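None of the values given here were measured: they were computed from a predicted structure.
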Amino acid sequence: MVDVEVQKKAGFSLQPEEEHLRVQLESIQQELNAPNLFKGRLSEMLSLIRMQSLSEPGNKSSSQMDNGVLTSIHSHLSRQQDGISHLLDIIRDDLQHLDIIKQGLADKVVS
């Protein structure tokens, strides 16, 4: 079904909705291609936490953190872990497909 639609629209310019989706996908791809971005955010959050804990007078412990900050860090790390898990699943699937392709090519060479 999708192949038929692709063939029908071959040679036509993108519709506005399709152009909007293309722009969104490109921006997501740029975010995924910037691995230091997330490391930078995490590093910045940790620095802010350290500065805040050192600047508070009467602070009982320099390792105490605000629950909101902990929640934010936990949420950020959870999203990163989910993203990495998803990417690993995709890579595993692709490797299985590559093995099937290699086997098919090897069978053709033997024949």
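- Take Q103 and apply the side chain to side chain donor-acceptor pair (under 3.5 Å) test, not counting sequence neighbours, and it matches D107.
- Hydrophobic clustering keeps L70 apart from L48 (ILVMFWY residues linked when any side-chain heavy atoms are closer than 4.5 Å, directly or through intermediates).
- For the atom pair OG of S47 and CD of Q52, the computed distance is 12.5 Å after rounding to the nearest 0.5 Å.
- Panel note: side chain S78, backbone H74; a donor-acceptor pair is recorded below 3.5 Å.
- Remark: the backbone N or O of N67 is paired with a side-chain donor or acceptor of T71 at under 3.5 angstrom.
- With sequence neighbours excluded, the residues satisfying side chain to side chain donor-acceptor pair (under 3.5 Å) with Q24 are H20.
- By the side chain to side chain donor-acceptor pair (under 3.5 Å) test, E26 is found to be paired with R22, residues two or more places apart in sequence or in another chain being considered.
- Annotation: side chain of Q81 is not in contact with side chain of I84 (no heavy-atom distance under 4.5 Å).
- I91 pairs by the side-chain contact (heavy atoms from CB on, under 4.5 Å) definition with L95, not counting sequence neighbours.
- Note on R79 versus D82: no salt bridge recorded, every NZ/NE/NH1/NH2 to OD/OE distance being 4.0 Å or above.
- Residues that satisfy the side chain to side chain donor-acceptor pair (under 3.5 Å) test with H76, not counting sequence neighbours, are absent from this structure.
- Residues forming a side-chain contact (heavy atoms from CB on, under 4.5 Å) with I90 (at least two apart in sequence, or on another chain): H86, D94.
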